[in-house]
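Structure record follows, encoded as structure tokens.
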There are 2 protein chains.
Amino acid sequence: MTVSEPADPGLVALAQDFREALRHSIYLVRRLDADGELSAAQLSTLKMLMEGGPTSREPSGVRVGDIARNLGVKVPSATEQIIKLERAGLARREPDPHDARAVRVALTEAGLAAVDAANERRNAVMAGILSSLSDGDRAALAAALPVIGKINATLQA
Amino acid sequence: MTVSEPADPGLVALAQDFREALRHSIYLVRRLDADGELSAAQLSTLKMLMEGGPTSREPSGVRVGDIARNLGVKVPSATEQIIKLERAGLARREPDPHDARAVRVALTEAGLAAVDAANERRNAVMAGILSSLSDGDRAALAAALPVIGKINATLQA
DNA sequence: CCTAACAGTTAGGCTACCTAACTATGACCG
DNA sequence: CGGTCATAGTTAGGTAGCCTAACTGTTAGG
């Protein structure tokens with residue numbers, strides 16, 4: 001990519017609008033997270049444990065480094081969240097049988113229940129918000145979500 | 001609104017997907033904010049000053065309470081940002097001529113320049129990300145932005 | 001073995017929020 | 001007027017979530 005693409009004005013306009021939408025969405029996100037119980041960071045962590053957990057063929061649990069990578073944070077930040085979850089009884093840490101340096105983190109029963117409950121409550125709040133939209137608006141939103149997903153996936157890499 | 005709308009499953013699914021998209025977008029937002037210079041909170045504050053500032057018929061500047069309301073934070077949080085901006089020479093505080101309790105906050109020249117520069121840099125980063133999408137994807141995204149805007153506007157009220 | 005790479009934790013620091021308590025001014029009303 | 005209540009903002013103190021740097025212990029390779 002050479003430096004000076006003259007920067008397609010339409011592209012920049014879209015970029016600007018998208019940025020603006022994301023910026024204002026902080027509001028929405030805060031509303032969702034206000035449900036109490038579980039913070040956004042902790043819910044994300046628990047979700048990661050759920051996905052990577054019993055399903056995967058690994059002995060059990062997810063490694064701290066993988067959690068950090070998946071959440072887009074540094075390892076110490078992941079450790080911090082894990083410790084909090086452990087203290088809350090939602091996750092547990094065990095040594096990795098194959099590598100004594102590593103740690104396997106897994107959901108507890110309570111953790112699983114907490115994810116479900118939190119998801120349900122947040123979905124309900126969001127559904128309430130979306131219910132005031134027209135069908136057309138909802139369709140437009142639905143059509144854009146895969147695109148946003150694509151963008152986010154690109155970024156992870 | 002009675003309690004038990006049976007909760008249209010399609011609506012809940014959309015809610016779930018949208019939540020997921022927003023959650024993953026933290027990544028994107030962090031990428032954008034990593035440009036240094038100005039934090040997201042400070043850029044938002046400066047933007048608010050720009051919009052509500054010289055344009056409005058008010059003597060000059062925006063009141064702290066209005067800034068807080070607009071940014072969706074409490075007054076002390078706004079004060080904090082304003083003080084930082086002031087120390088950085090990007091904003092200035094002056095007494096309100098009509099109400100000695102109130103404070104008027106306005107952009108300085110340097111503040112104006114900083115907003116422009118930060119916007120430009122962030123737009124460029126975002127445009128770069130969006131440039132890898134297909135035309136169809138970009139169209140879908142563009143179509144959804146007004147909807148997201150509508151949601152956010154509803155929430156403000 | 002011994003050194004280098006790796007996994008995670010600990011320590012310390014920062015930003016952006018929050019609530020509660022305080023100061024000062026304005027507005028209402030008898 | 002003068003008292004009381006409301007309003008605008010600041011100050012004080014606390015929390016969550018992130019970071020980097022430094023440390024501990026483990027594995028892997030020459």
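To find a chain, count down the sequence lines: A is the first, B the second, and so on, and within it residues start at 1.
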query = With no angle test and no hydrogens, is the base of D/dT27 tied to the side chain of A/Arg101 by a donor-acceptor pair under 3.5 Å?
reply = no
query = What does B/Val73 touch in the nucleic acid at a heavy-atom separation under 4.0 angstrom: a base, only the sugar-phosphate, or nothing?
reply = sugar-phosphate
ask   = Nearest to the side chain of A/Pro76 - D/dC18, C/dA11, C/dA20?
value = C/dA11
task = Just call it for A/Glu80: base, sugar-phosphate, or nothing, with non-hydrogen atoms closer than 4.0 Å on any strand.
result = base
key: Whole-Å distance separating the CZ atom of B/Arg31 from the P atom of D/dC18   = 17 Å
inquiry  = It should be established whether B/Arg93 places a side-chain nitrogen or oxygen under 4.0 Å from OP1 or OP2 of nucleotide D/dG9.
reply    = no
key: Position toward the 5' end of DNA chain C (nearest nucleotide), A/Ala78 or B/Ser77   = A/Ala78
Min side-chain heavy-atom separation A/Ser132-B/Lys150 under 4.5 Å = no
key: Between D/dC19 (C1') and B/Ile26 (CD1): distance, integer Å   = 16 Å
ask   = If you group Ile, Leu, Val, Met, Phe, Trp and Tyr by side-chain heavy-atom gaps below 4.5 Å, do A/Leu85 and A/Val75 land in one group?
value = yes
Under-4.0 Å side-chain N/O to phosphate OP1/OP2 contact, B/Lys74 with C/dA16 = no
query = Do the side-chain N or O atoms of B/Thr79 get closer than 4.0 angstrom to the phosphate oxygens (OP1, OP2) of D/dT10?
reply = yes
query = For the side chain to side chain contact (heavy atoms under 4.5 Å, CB included) test, which of B/Ile148, B/Leu28, B/Ile26, B/Leu145 pairs with A/Leu22?
reply = B/Leu28
request  = Mind checking B/Val103 for me? I need base, sugar-phosphate or nothing, with any heavy atom below 4.0 Å counting as a touch.
outcome  = sugar-phosphate
ask   = Would you call B/Ile151 and A/Leu133 a side-chain contact if the rule is heavy atoms closer than 4.5 Å?
value = yes
Distance test, side-chain N/O of B/Ser39 to OP1/OP2 of C/dT15, below 4.0 Å = no
query = Roughly how many Å is it from CD1 in B/Ile83 to P in D/dG9, rounded to a whole number?
reply = 13 Å
request  = Would you please confirm or rule out a distance under 4.0 Å between OP1 or OP2 of D/dC18 and any side-chain N or O of A/Gln81?
outcome  = yes
task = Measure from CD1 on B/Ile67 to P on D/dT10 and round the result to the nearest Å.
result = 9 Å
